Every structure is written in C-alpha cells, then in structure tokens.
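Quick caveat: nothing in here was measured; it's all calculated off a predicted structure. Atom set for the values below is all heavy atoms of this structure, side chains included, hydrogens, waters and symmetry mates excluded.
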Amino acid sequence: MTQSNAKIPVTIVTGFLGSGKTTLLRHILGNAEGRRIAVVVNEFGELGIDGDILRGCGIGCDDEGNEREGALYELANGCVCCTVQEEFLPVMLQLAERRDQLDAVLIETSGLALPKPLVQAFQWPDIANIFTVDSVVTVVDGPAAASGQFAANPAQVDVQRRADPNLDHESPLHELFEDQLSAADLVVLNKTDLMDAAARAQVEALVREELPPEVKIVGATEGKLPLALLLGQGRAAESTIHLRESHHDHEEDHDHDEFDSLVIELPPVDRDSLIAVLSGLVEQHTIYRVKGFVAVPHKPMRLLVQGVGRRFDHHFDRRWRDGEAQRTRLVFIGEDLDEAALRKALDEVNTVAA
C-alpha cells in the first residue's frame, strides 16, 4: 500500500515509434499482481489509436467494455514534452488527490517525445513532494536499429540510404533516438526474437555508446520482463536529469514541426491489397509509422495494423461492437506527407461496401 507520506513512484516509458511501448505497458498492467497503477498515455496525432489499443485489451475498462473514469488518461494534443504546462500538471494533480489509492504511475510518452523535459517537470513545487520519477525506461526496436535506421556512422547511413529512401531525413530522428537513450535508467532491447546474435550484439554496441556504464541493457520479446526489474528502481531521476546532456538542452522551445501526422478513413478494404499499397507508400514517401484499425469485408473482427519502416504487423484484436461503425482508420506519421497522393493511392485499394 502507498503510504500518504511517501512519494508515488512514476515510471516513464519512452522509445521510438513502433518500439513496443504499448506492448510493454500491457505486460506490466496484465501482471500487476494487485498493484494499483494509474496510466497516463500521451500520443502524437489526431486519432487516439494507442489509447484505443489499451482499451481494446481491457485496460481502463469495466467488464462491459466501458471506460472507467480516471483509469486511463489520454493526452491527445501533442507530445508530453510540449503540453506539460497545459495538460500534464492538471492530470498529475488529479492523481495526487487519489494518492492513497495508488501504488505507482506509468507514463507512456509519444514516440516523438523528448523525455528530459517531462522528467524535469517533476521538480515543479506543486508535485515535487508527491511524485518521484522511479525510472525512465527506454524501449528500443532491435530489428529497426539493426537495419541501420538509427546508425551513428554516416557511412553506414549512406549505404542504407541507397536501399531505403526513408533514411533521407534520418538526422532529426537520430537525434530523438539519442535523446531518448540519454534519459534512460534502463534500456529494453525489444523484439530480440527477430534478431540473430550478431545483430543483437551490433545494436547493443550502438546503444551502449549513448549510455553511462551503470545503465543496463536488457533483451526482451514483446516487452515480457519481470516487474521487479521494470518497477521499483528508486532512481529519483528528476534529481539528476540536469546532468544528462541532450541535443535540445539549449533550445528555447521544442516543437515537432518537421513531423506530419494525418488520419485517413476508408470503407472496409481487402487486407492483402491494403498491406501491399501501404508497403508501396512507405517506399515512395517519408513515412515513419502507420497504425490503425481496419474493417475487412465479411469479417466480424477488427484488424489492428501497425507498421514501422517497411515492416507491417497485423492481427484481429476484437469483434466489432453492436452499433459501431465498421470503418478503416489509419494514422500516418512522417515528414512532408502528401495527403492527396496518399489518399489517391488508398482510394484505389479494393474496397467493398460494408
């Protein structure tokens, strides 16, 4: 039980787009073993896909699938590091009012967020005596890093650029990747089941260059790690975050103007045709992330699609609810996105009336 005179530990889960942060949260909440955990989910984009994924697996809902007030907080108008003065403080103050009902808080940042300003926010007088940053857990997509997408060596980037047009604008993403590592108290090298020993060693060496010796790197598949490792680290990261250098330390403000986010809705679509078109769009445009829900003709289940780079994963996550509009909704995150061109390509997917 959390004592009224003890600070509530906050674990911040950060990591690049598609690294597996939401999956890690699912694992923690699915194995809470009686811990009373509040979740703050922050997203980049117009559509609350990640929050919907969490609700889809029963997190934050009652037995009837209705969202419980206060069980899941979604901050949907920008990254946490951009909106803390507008939304973060009120949410934390609401949680502070329920401190006797909480054992821990989990915050999942946007894939485009800088964790350092968020950690620094816990120095604010209104919450400094109530919460402490137990640790910052940075999740790394092992296969993506192994492909050279975030390689620090410019020569390696040049080699990869010839094979992958998405690397043309790699620099700002690489800086984000490094800044997420610079704030880490623990690094989770995720999706190790998709890597061989050589690739894993390569990524660990790349990540280690950005970390002090005391920060550990642990491998994981689907974020499945002992909760004793993920929670209760007691780092009080807000007291030392000023010692961790980042690329954006001397900027007066931080924004994500270089990133675009747009939502495209479609009627029910053929699954294979859609994946083929999405794969082609990733080759032709600077798209870093695709995520959303797909209505497949004559299927009672909703298809969850998530793509990072040229890799797409999809599975049916739940049945469509009675009265729920069976529409396809996709979020694209990238740079200089040509909305008209994307919509034109998707309109040519084999569509079938619901």
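The line from CG of L186 to CD of E214 is 12.5 Å long, rounded to the nearest 0.5 Å. Within the model, atoms CD1 of I333 and OG1 of T286 stand 14.0 Å from one another, a figure rounded to the nearest 0.5 Å. To the nearest 0.5 Å, atom CG of residue L342 and atom CG of residue D338 are 6.5 Å apart. Here CD1 of I28 is found 9.0 Å from CG of L225. Values are rounded to the nearest 0.5 Å.
M195 has its side chain out of reach of Q202: every pair of non-hydrogen atoms, C-beta onward, lies at least 4.5 Å apart. Within the 4.5 Å cutoff, side-chain heavy atoms of R343 are placed close to those of E339. Taking 4.5 Å as the limit, some side-chain heavy atom of F316 sits within range of a side-chain heavy atom of R271. A heavy-atom distance below 4.5 Å is found between the side chains of I107 and L118. Counting only heavy atoms from C-beta outward, the side chains of D193 and K191 approach each other to under 4.5 Å. Residues V269 and V296 are not in side-chain contact: their nearest non-hydrogen atoms beyond the backbone lie 4.5 Å or more apart. Looking at heavy atoms from C-beta onward, V40 lies out of side-chain contact with V10 at the 4.5 angstrom threshold. Between S279 and F312 the shortest side-chain heavy-atom distance falls below 4.5 Å.
Minimum interatomic distance between I264 and F332 (heavy atoms only, all atoms of both residues): CD1-CE1, 4.0 Å. The nearest pair of heavy atoms linking Q180 to G15 is OE1-C, 3.2 Å. The shortest non-hydrogen separation linking H27 to L230 is CD2-CD1, 4.3 Å. Between L106 and L231 the shortest heavy-atom distance is CD2-CD2, 4.1 Å. Closest approach of L211 to L181, counting heavy atoms only: CD2-O, 3.3 Å. Nearest heavy atom pair, residue L95 against residue L102, reads O-CD1, 3.7 Å.
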Criterion salt bridge (Lys or Arg N to Asp or Glu O under 4.0 Å) on K116 and D179, from CA distance to verdict: CA-CA 8 Å; K116 187 172 182 177; D179 285 352; over 6 Å; no

Evaluation steps, side chain to side chain contact (heavy atoms under 4.5 Å, CB included), between V137 and Q233: CA-CA 10 Å; V137 177; Q233 295 189 46; 4.2 Å; yes

Derivation of the side chain to side chain contact (heavy atoms under 4.5 Å, CB included) call for F122 and I241: CA-CA 10 Å; F122 283 90; I241 192 65; over 6 Å; no

Criterion side chain to side chain contact (heavy atoms under 4.5 Å, CB included) on I287 and L281, from CA distance to verdict: CA-CA 8 Å; I287 298 172; L281 289 175; 4.1 Å; yes

R26/T23 under side chain to side chain contact (heavy atoms under 4.5 Å, CB included): CA gap, chis, key distance, verdict: CA-CA 5 Å; R26 277 205 200 100; T23 301; 3.9 Å; yes

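Stacking of R302 on the aromatic ring of F293 is recorded, both the 6.0 Å distance cut-off and the 45° axial limit being met.
Side-chain atoms of E204 do not come within 3.5 Å of backbone N or O of A201 as any donor-acceptor pair. Q123 contributes a side-chain N or O that, together with a main-chain N or O of E238, makes up a donor-acceptor pair within less than 3.5 Å. Looking only at distances, no side-chain donor or acceptor of T192 sits under 3.5 Å from a matching main-chain atom of G219. Looking at K7, its side chain does come within 3.5 Å of a backbone N or O of A128 through a donor-acceptor pair. Distance alone, capped at 3.5 Å, places no donor-acceptor pair between the K21 side chain and the V13 backbone. Formation of a donor-acceptor pair under 3.5 Å by the N190 side chain with backbone atoms of G223 is found in this model. A donor-acceptor pair is defined here as one N or O able to donate and one able to accept, closer than 3.5 Å; such a pair exists between the side chain of R99 and the backbone of A6. Using modelled atom types, no side-chain atom of R318 and backbone atom of L303 make a donor-acceptor pair closer than 3.5 Å. Side-chain N or O atoms of S147 include one that pairs as donor or acceptor with a backbone N or O of A144 at under 3.5 Å.
Side-chain atoms of T14 and T138 form no donor-acceptor pair, as typed in the model, at a separation below 3.5 Å. In summary, the side chains of T328 and E265 do not present any donor paired with an acceptor at a separation below 3.5 Å, with no hydrogens or angles considered. Counting only N and O atoms by type, the side chains of E108 and T22 include a donor and acceptor under 3.5 Å apart.
Using a 4.5 Å cut-off between side-chain heavy atoms of Ile, Leu, Val, Met, Phe, Trp and Tyr, with links allowed through other members, L194 and V207 fall into different hydrophobic clusters. Cluster membership for L337 and V277, using ILVMFWY side-chain heavy atoms within less than 4.5 angstrom, is shared. Note on V305: it does not cluster hydrophobically with W320, by side-chain heavy-atom contacts below 4.5 Å among ILVMFWY residues.
Looking at D103 and R35, no side-chain N of the basic residue comes within less than 4.0 Å of a carboxylate O on the acidic one, giving no salt bridge. A salt bridge is absent between R235 and D134; no separation between the charged side-chain nitrogens and carboxylate oxygens falls under 4.0 Å.
Crowding of R208 atom CZ: a count of heavy atoms from other residues, nucleotides or ligands under 6.0 Å exceeding 12.
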